Amino acid sequence: LAGEVVVRQAEHYLDPGKRLALARKFVRGGAVNMLRNLEHYAGSGALLDDAVEVVRGALERIDRARGVEELMGIEGNVREAYYNGWNSIMPEEFRYSGRTRRPPRTMLDALISFGNSLVYSTCLTEIYHTQLNPSISYLHEPLERRFSLALDISEVFKPVLVDRTIFRLVRQERIDPSYFDEDLNRVLLNERGKRKFVEAYEDRLSSVIRTKQGRKVSLRRLVRLEAYKLLKHIIGMKEYEPVEVGY
């Protein structure tokens, strides 16, 4: 870690205007990438007009949000509409009926929770390759026992890494109820299911895309580049803009 970077990170957290500006970027990045997913499946005939309308409307409200708490509310509304839209994409047994986390109550919730834990770990690993301090964050509150900057960057990449992995596994019938353990109060991926998901997730991380600058990079490398972009913003080199990943 570099002392100057830690000081600048803290300054951006303590200054309400600077913090809000970065928090808006993370919410916008996640919403745009969710919209890309919805537009892809809408183009294939899925009935997603309502979800698309909610996300587009939220994108217009992000810059008017007056605080981080309001931004978190916008993000929550976007994600709820987005997940409801999945019911036009996913088979009946993987329908969305409201998010449950601790513990997950449905197979879809189990997939989302496990995938989100993986993208958090990925973002944290890539942050460690920079001088950023992973405990100082902007959208999520810095709290003891978690590296909340990884949660911030995860917002941008959940739709790209987690959700598209879930779509592929479920829609290609590569995962089914036999990959889950279920009791009265929870549903979790069993060891076989975890291996299947991790394998698909690692394949997704290894996928190569072309950036707007024409470079070919893996999605794993793209996460690290996102952290470097954030670092440049914090030290005043270049304003951070979250990556948008086409389908």
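None of these values were measured; they are calculated from a predicted model.
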Specify the closest pair of heavy atoms between [X] and [Y], including all atoms of both residues, with the distance to one decimal.
X	Y	answer
Pro91	Val170	CD-CG1, 3.4 Å
Ala51	Ala81	CB-O, 3.5 Å
Asp63	Arg24	O-NH2, 3.2 Å
Tyr96	Asn87	N-OD1, 2.6 Å
Pro134	Leu124	CB-CD1, 3.6 Å

Check step by step if side chain to side chain contact (heavy atoms under 4.5 Å, CB included) holds for Ile166 and Leu108. CA-CA 9 Å; Ile166 292 173; Leu108 182 58; 4.2 Å; yes
Ring pair (Phe, Tyr, Trp, His ring centres under 6.0 Å) partners for Phe180, two or more places apart: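 Phe180: no ring pair (Phe, Tyr, Trp, His ring centres under 6.0 Å) contacts found.
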List for me each residue that meets salt bridge (charged side-chain N to carboxylate O under 4.0 Å, His left out) alongside Arg224, sequence neighbours excluded, and say none if there are none.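 Scan of Arg224 (salt bridge (charged side-chain N to carboxylate O under 4.0 Å, His left out), adjacent residues dropped) gives Glu126.
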Is [X] atom [atom1] crowded by more than 12 heavy atoms from other residues, nucleotides or ligands, each under 6.0 Å away?
X	atom1	result
Glu202	CD	yes
Arg192	CZ	yes
Gln172	CD	yes
Asp49	CG	no

Would you sort out whether Phe167 and Trp86 count as a ring-ring contact (aromatic ring centres under 6.0 Å, His included), showing the intermediate values? CA-CA 9 Å; Phe167 296 154; Trp86 287 22; 4.8 Å; yes
[X] side, atom [atom1]; [Y] side, atom [atom2] - distance, nearest 0.5 Å:
X	Y	atom1	atom2	result
Glu226	Ser154	CD	OG	11.0 Å
Lys194	Leu188	NZ	CG	7.0 Å
Ser88	Leu38	OG	CG	9.5 Å
Lys158	Met34	NZ	CE	8.5 Å
Lys238	Leu230	NZ	CG	13.5 Å
Ile136	Ile234	CD1	CD1	8.5 Å

Would Leu14 end up clustered with Val68 when hydrophobic side chains under 4.5 Å apart are linked, directly or stepwise?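 Same hydrophobic cluster.
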Do Val223 and Val217 sit in the same hydrophobic cluster, where Ile, Leu, Val, Met, Phe, Trp and Tyr count as joined when their side-chain heavy atoms come under 4.5 Å apart?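 Yes, one cluster joins them.
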Ignoring hydrogens and angles, tell me if any N or O in the side chain of [X] forms a donor-acceptor pair with the backbone of [Y] under 3.5 Å.
X	Y	value
Asp152	His140	yes
His12	Arg8	yes
Arg95	Met90	no
Asn33	Val156	yes
Tyr120	Phe147	yes
Ser113	Ala110	no
Arg36	Val245	no
Glu244	Val32	no
Ser148	Leu151	no
Asp181	Asn190	no

One thing to verify: whether [Y] and [X] come together as a salt bridge, which I'm taking to mean a side-chain N less than 4.0 angstrom from a carboxylate O.
X	Y	answer
Glu60	Arg56	no
Lys25	Glu239	yes
Glu199	Lys196	no
Arg64	Glu70	no

Sequence neighbours excluded - salt bridge (charged side-chain N to carboxylate O under 4.0 Å, His left out) pairs with any residue from residues 132-143: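 Output for this query lists Arg19-Glu141.
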So, applying side chain to side chain contact (heavy atoms under 4.5 Å, CB included) with Val119, which one of Leu161, Asp163, Val160 is it?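 Result: among Leu161, Asp163, Val160, Leu161 is the only option passing the side chain to side chain contact (heavy atoms under 4.5 Å, CB included) with Val119.
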If the plane angle is over 60° it's perpendicular, under 30° parallel, otherwise tilted; pick one for [X] and [Y].
X	Y	value
Tyr13	Tyr138	tilted
Tyr240	Phe26	tilted
Tyr201	Phe197	parallel

